[in-house]
Amino acid sequence: MNLNIALLALSQASMMTVISLVLSSSALIGLQLSSPDLATLPLAVQYLATMILLYPIARLMERYGRKLIFLMGALFGAIGLSIAAIGINFGSFMLFALAGFLIGIFNAVGQYYRFAAAEAVPGNSKSIAISLTLTGGILAAIAGPILARYTKNILQPTFLASFISLIVVALLGAFFASRMTLARVSKEDDAGSKRSLYELARNPRFLLAVSGGVIGYSIMNLLMCATPLAMLCAHLDFSQTATVIQWHIVAMFAPSLFTGILIRKIGVYVVMLLGCMAILLGVVVAINGDELVYFELALIFLGVGWNFLYIGSTTLLTETYRPTEKSLVQSFNDTLVFLSVTIATFFSARLVNNFGWEAINIYASIPIILLALGIIFIMRSNRISLRLD
């Protein structure tokens with residue numbers, strides 16, 4: 001494996017270990033420090049930071065290179081986790097929410113790992129490089145929930161030790177970034193014309209790539225953030241919640257071992273369509289019961305569906321822009337993604353409290369169905385076969 005791809009995968013593991021533990025515990029911490037309706041506010045602040053900083057980070061990468069910004073992003077994450085630990089220790093919801101903003105910087109920087117991987121290999125290997133980078137999430141799927149489970153009560157208040165342990169994880173991410181040898185943008189890449197977003201949006205493939213990322217990520221995050229609260233309402237304990245989130249994150253990233261190969265074999269549209277079908281299957285499972293097994297299976301299908309949509313959409317997106325347009329397009333795409341994720345995260349607690357787990361799943365299926373219909377329409381327009389051989 002290319003050394004840079006390996007380091008990017010390890011960086012992905014570091015970032016996702018932080019994010020997975022924060023996801024599995026933040027709503028519960030927020031519930032302890034504030035009211036039920038505000039329980040997911042710190043997560044929403046985290047995604048808000050990610051959203052508003054994606055474009056500035058892309059410009060900073062153009063000026064200073066990806067390596068330095070990857071390093072600084074991990075360090076900001078470590079600072080944010082330190083503030084979160086202080087907030088937990090002193091029972092300050094304000095500090096805990098503020099920490100979410102700095103953790104969001106780490107998350108924003110981490111969104112460019114997959115694009116850096118795509119740029120580090122020849123064009124026909126992009127989907128595989130993206131997939132290999134996201135395999136770092138498999139390590140995160142193991143490490144994050146295990147850290148949450150075994151460090152939860154080591155120190156009081158609850159989860160204090162968890163966030164202290166994550167500071168070390170973020171610092172490891174900074175170390176991995178410091179070892180990268182990523183190429184700077186060349187003069188040839190800087191030369192040439194740039195199309196406007198309006199011109200790019202006239203391409204149906206561009207619209208589908210952006211829509212796939214936005215819908216897939218926001219629906220996944222809505223249901224994932226709602227899960228701990230829904231499981232609490234179902235009288236399931238935190239160790240069970242941590243297990244469900246763990247298997248969900250495994251399902252999010254384990255398919256990365258073969259998703260890139262699958263895209264090369266059966267095509268990006270078919271893989272994205274399979275992603276929609278997996279999420280809808282998860283919805284069907286979720287609305288049929290609130291026992292542990294239903295949560296586990298629903299979140300596993302949700303994770304697999306997200307993986308197919310995320311890698312498929314990213315691969316498709318990289319085929320729609322010129323080198324001169326990459327910063328604009330990458331930041332525009334991920335800004336829309338995290339705008340939708342921020343909104344979904346902020347309202348997830350309120351939706352659980354007001355409508356219930358079953359209703360959220362039913363509503364979540366609507367944009368997925370519309371996306372699937374859009375994929376089928378483009379496949380028929382381009383006469384792309386649905387055969388899987």
Side-chain angles (χ1 to χ4, degrees), residues 54 58 111-135 194-220 252-253 255-256 258-279 304-341 367-388:
L54 282 164
Q111 301 313 305
Y112 290 98
Y113 293 149
R114 71 193 198 278
F115 291 119
E119 294 160 11
V121 297
N124 62 351
S125 299
K126 285 183 178 180
S127 62
I128 294 177
I130 294 167
S131 286
L132 289 174
T133 297
L134 292 181
T135 58
K194 295 183 182 180
R195 292 169 293 178
S196 67
L197 285 172
Y198 174 77
E199 292 175 289
L200 288 163
R202 296 171 64 181
N203 180 354
R205 296 169 71 244
F206 174 84
L207 291 176
L208 180 62
V210 173
S211 298
V214 168
I215 293 173
Y217 215 131
S218 60
I219 294 303
M220 183 278 293
M252 284 174 64
F253 294 103
S256 300
F258 59 83
T259 304
I261 297 172
L262 200 61
I263 288 172
R264 290 178 66 172
K265 182 173 178 62
I266 65 177
V268 67
Y269 297 113
V270 178
V271 169
M272 291 176 68
L273 190 58
L274 289 174
C276 291
M277 292 170 62
I279 293 175
V304 172
W306 173 86
N307 182 279
F308 286 175
L309 279 176
Y310 190 59
I311 294 179
S313 297
T314 300
T315 301
L316 186 61
L317 187 71
T318 61
E319 297 171 356
T320 64
Y321 58 78
R322 301 166 183 164
T324 54
E325 300 162 345
K326 67 181 180 181
S327 293
L328 174 65
V329 172
Q330 291 170 7
S331 59
F332 171 75
N333 176 77
D334 281 9
T335 297
L336 285 185
V337 166
F338 281 94
L339 172 61
S340 64
V341 166
I368 296 296
I369 291 171
L370 293 176
L371 176 62
L373 292 174
I375 295 169
I376 293 170
F377 175 79
I378 288 184
M379 290 178 69
R380 293 190 63 180
S381 298
N382 291 276
R383 299 179 181 178
I384 297 171
S385 173
L386 274 169
R387 291 191 312 142
L388 301 181

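What you are looking at is a predicted structure, and each value in this text was computed from that prediction instead of being measured.
From Leu328, atom CG reaches atom CG of Asn333 across 11.0 Å, with rounding to the nearest 0.5 Å. Atom-to-atom distance recorded for Phe206:CZ and Leu316:CG is 10.5 Å, nearest 0.5 angstrom. Here the SG atom belonging to Cys276 is positioned 11.5 Å from the CZ atom belonging to Phe308, to the nearest 0.5 angstrom. Considering CG of Leu309 and CG of Leu273, their distance stands at 9.0 Å, rounded to 0.5 Å. We find the CZ-OG distance between Arg264 and Ser125 to be 5.5 Å, quoted to the nearest 0.5 Å. With rounding to the nearest 0.5 Å, the separation of CG in Leu317 from CD1 in Ile130 is 9.0 Å.
The shortest non-hydrogen separation linking Ser331 to Ala58 is CB-CB, 4.0 Å. Residues Arg195 and Thr320 approach most closely at NH2-O, 3.2 Å, considering heavy atoms. When all heavy atoms of Ile375 and Tyr269 are compared, the pair lying nearest together is CG2-O, 3.5 Å. Nearest heavy atoms, Ser256 versus Asn307: OG-ND2, 2.9 Å. Contact between Ser127 and Gly260 at its shortest, heavy atoms only, is OG-O, 3.3 Å. Listed here is the closest heavy atom pair of Gly312 and Val268: O-CG2, 3.1 Å.
Side-chain contact between Met272 and Leu208: present, with at least one pair of heavy atoms (C-beta onward) separated by less than 4.5 Å. Between Leu54 and Tyr112 the shortest side-chain heavy-atom distance falls below 4.5 Å.
Applying the side chain to side chain donor-acceptor pair (under 3.5 Å) definition to pairs two or more places apart or across chains, none involves residues 208-220.
By the 6.0 Å contact criterion, CZ on Phe377 is open, its count of non-hydrogen atoms from other residues, nucleotides or ligands being 12 or less.
With Thr314 as the partner, the side chain to side chain donor-acceptor pair (under 3.5 Å) test is satisfied by one option alone out of Arg114, Lys126, Gln330, Gln111: Arg114.
Looking only at distances, no side-chain donor or acceptor of Glu119 sits under 3.5 Å from a matching main-chain atom of Ala116.
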Start with the C-alpha distance between Met379 and Val270, add both sets of side-chain angles, then the distance that settles side-chain contact (heavy atoms from CB on, under 4.5 Å), and finish with yes or no. CA-CA 9 Å; Met379 290 178 69; Val270 178; 3.8 Å; yes
Go through Val337 and Tyr310 one step at a time and tell me if the side-chain contact (heavy atoms from CB on, under 4.5 Å) criterion holds. CA-CA 11 Å; Val337 166; Tyr310 190 59; 5.8 Å; no
